[in-house]
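Worth knowing before you read on, the calculation uses all heavy atoms, side chains too, and leaves out hydrogens, waters and symmetry mates. Atoms within a ligand are numbered from 1 in the order they appear, just like the ligands themselves.
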Amino acid sequence: MSKSIKEKIRKKDFKVCVIGLGYVGFPLLKLLLKKKFPAIGLDVEKEVVKKALDKKIPATLDAKEALDDSDCAIICVPTPIEDDRRPNLKYVKSSTKTISKYLKKNCLIILESTVAPGTTEEILLPILEKSGLKKGEFYLAHCPERIDPGNKKWDVQNIPRVIGGIDEKSCDIVYNFYDNILDADILKLSNPKAAEAVKIVENAFRDINIAYVNELAKSFDEFGIDISEVIKGASTKPFAFMPHYPGCGVGGHCIAVDPYYLISKAEKTGFNYQFLKLAREINNSMPEYCVKKITKGLNKAGKTIKGSKITILGLSYKPNVNDTRESPAFKIIEELKKWDADLTIFDPYCPKLSNVNTLKDALKKKDCIVLVTEHKEFRKITPKLIKENRIKVVIDGRNIFDKKKIEKLGIIYEGIGR
Ligand code: SAJ
């Protein structure tokens with residue numbers, strides 16, 4: 001049977017439904033269509049489906065239309081964390097229940113959303129078996145997404161992937177499927193848990209490394225060491241060092257979220273991830289640390305937060321995108337508001353959340369500017385421009401400005417670790 005499925009895949013006589021048309025599902029759907037698969041997108045948001053249809057991309061709100069005659073369903077829905085930082089699987093569960101209604105023998109079900117190890121076998125498989133089909137009568141695997149929003153070099157087609165199937169046939173057929181759409185290496189792992197763990201381990205690795213330099217930055221502020229030059233120096237080592245950079249916080253729906261999947265999974269078994277938790281604690285402390293630097297900088301100018309005109313530059317969690325999920329900017333703003341700050345907010349990628357819409361207005365007649373997101377537009381802010389606007393204090397939340405030149409103009413500069 002798997003031979004004929006592989007034949008169907010090879011001939012592109014293989015209908016694929018992509019569930020969830022966000023930053024993961026939409027590029028995947030476009031790639032499937034580019035590779036001439038009869039593919040269709042399924043989403044619950046009218047706007048999302050309309051956007052796809054406006055671009056002549058087949059999409060629907062109707063599960064029957066999307067799934068009834070599909071040979072494969074790929075789940076690319078969000079897996080956020082709750083306020084108590086526990087994983088929220090409601091979208092994964094509801095998508096799987098929908099698939100289960102239309103599940104037929106020999107269908108492929110692939111979970112790409114990031115989940116805790118064990119989710120595919122412990123949550124998805126039982127829901128799919130409610131269809132009446134049993135394990136072995138359909139194919140189920142986890143293939144974690146690795147989309148990096150804004151990355152020009154690595155995209156859905158060329159990013160290497162890993163696959164873990166609930167059985168060997170599932171792994172083999174899903175491997176064959178991806179091999180027909182990707183131009184990238186694909187590694188087969190022994191089970192879904194390993195594949196689920198890969199994604200979280202790679203992102204927790206990044207979180208830990210960022211926490212490492214964030215803690216160093218706090219200490220270097222005490223010691224009068226410029227962490228930027230230390231990282232630059234350490235990066236001259238041609239092996240065994242991987243630079244990460246301190247900042248006013250770690251945002252986004254990957255790095256700031258994924259470690260909690262492992263942490264909450266481990267709590268069920270009584271294991272305590274001290275290291276992961278400490279990294280999250282340090283990174284979550286950075287917005288408050290940034291506010292401390294704002295206070296310090298203003299005090300040096302004989303001012304306090306209350307009564308000072310402060311501009312927040314950037315709301316997105318990372319440069320040159322308009323994604324504000326888990327962004328440290330909001331924690332910084334919340335903290336400053338507690339001190340009655342007179343705030344101007346400017347993010348060129350988030351006009352609706354800004355209260356000015358030009359850099360000129362963001363800088364005009366301000367006492368202090370706080371760089372939170374290193375958008376390319378903010379790299380135009382030269383020491384000369386800062387001086388011309390008679391700004392007294394610069395808080396460099398991403399250490400991108402020229403400290404020496406700014407201080408030479410008699411302007412107070414506070415970075416994160418410099
Ligand atoms: N950040 C730091 N210091 C650093 C790097 C990042 O403070 O050295 C902060 C950023 O400002 C941001 C947050 O961490 O607030 C996350 O930044 P990110 O560059 O990791 O961006 P993400 O969240 O989009 O991460 C994605 C991830 N991709 C996937 O999960 C598929 C991650 O695995 C990638 O490593 C990352 O992109 C990347 O390298 O761009």
Checklist entry - What is the ring orientation for His375 with Phe378, classed by angle as parallel under 30°, tilted 30 to 60°, or perpendicular over 60°? => result tilted
Next on the checklist: Less than 4.0 Å is my threshold; does some heavy atom of Met286 fall inside it relative to ligand 1?
Outcome noted: no
Next on the checklist: For atom 8 (O) of ligand 1, what is the closest protein heavy atom, and at what distance to 0.1 Å?
Outcome noted: Tyr245 N, 2.8 Å
Checklist outcome for this item: In this structure, atom 14 (O) of ligand 1 is nearest to the protein heavy atom Val250 CG1, 3.6 Å
Checklist entry - Just one of Lys306, Lys309, Lys303 clears the salt bridge (Lys or Arg N to Asp or Glu O under 4.0 Å) bar with Asp342, so which one? => result Lys309
Checklist outcome for this item: Among non-hydrogen protein atoms, atom 11 (O) of ligand 1 lies closest to Arg398 NH1, 3.2 Å
Next on the checklist: Could you check whether Lys403 makes a cation-pi contact with Tyr413, meaning its NZ or CZ is under 6.0 Å from the centre of the six-membered ring and within 45° of the ring axis?
Outcome noted: no
Checklist entry - Charged N to carboxylate O under 4.0 angstrom, Asp323 versus Lys318? => result no
Next on the checklist: Please determine whether any non-hydrogen atom of Glu326 lies less than 4.0 Å from an atom of ligand 1.
Outcome noted: no
Item to check | Phe26 six-ring face occupied by Lys51 cation (under 6.0 Å, within 45°) | outcome: yes
Checklist entry - In the protein, what heavy atom is nearest to atom 12 (C) of ligand 1, and what distance, to one decimal place, separates them? => result Tyr317 O, 3.1 Å
Next on the checklist: If I apply the N/O under 3.5 Å rule, does Arg146 come out as touching ligand 1?
Outcome noted: no
Checklist entry - Does ligand 1 have an atom that lies less than 4.0 angstrom from a heavy atom of Gly249? => result yes
Checklist entry - Would you call Glu202 and Arg146 a salt bridge, using N to O less than 4.0 angstrom? => result yes
Checklist entry - Thinking salt bridges, do Lys338 and Glu335 make one under a 4.0 Å N-O criterion? => result yes
Checklist outcome for this item: Ranking Ile159, Asn203, Thr373 by closest non-hydrogen atom to atom 27 (C) of ligand 1, top hit is Asn203
Item to check | Closest approach of any protein heavy atom to atom 13 (C) of ligand 1, naming residue and atom | outcome: Gly251 O, 3.4 Å
Item to check | Minimum-distance protein heavy atom relative to atom 1 (N) of ligand 1 | outcome: Ile210 CD1, 3.6 Å
Next on the checklist: Looking at Lys188 and Asp172, is there a salt bridge between them, counting it only when a charged N and a carboxylate O are closer than 4.0 Å?
Outcome noted: yes
Checklist entry - Quick one: SG on Cys72 to CZ on Phe177, what's the gap to the nearest 0.5 Å? => result 4.5 Å
Checklist outcome for this item: shortest atom 26 (C) of ligand 1-to-protein heavy-atom contact is with Asp148 OD1, 3.5 Å
Item to check | Ion pair Lys300/Glu414, N-O distance below 4.0 Å | outcome: yes
Next on the checklist: Please work out, at 4.0 Å between heavy atoms, whether the side chain, the backbone, both, or neither of Arg206 comes within that distance of ligand 1.
Outcome noted: side chain
Next on the checklist: Would Glu145 count as a polar contact of ligand 1, with the cut-off being nitrogen or oxygen pairs under 3.5 Å?
Outcome noted: no
Checklist outcome for this item: Tightest non-hydrogen contact, residues Ala39 and Leu32, listed as CB-CB, 3.8 Å
Checklist entry - Mind checking whether Glu202 has a heavy atom under 4.0 Å from ligand 1? => result no
Checklist outcome for this item: The closest protein heavy-atom partner of atom 25 (O) of ligand 1 is Ile255 CG1, 3.9 Å
Checklist outcome for this item: Within the 4.0 Å heavy-atom cut-off, what Ile147 brings close to ligand 1 is backbone
Checklist entry - When you look for heavy atoms under 4.0 Å from ligand 1, do you find them on the side chain of His244, its backbone, both, or neither? => result both
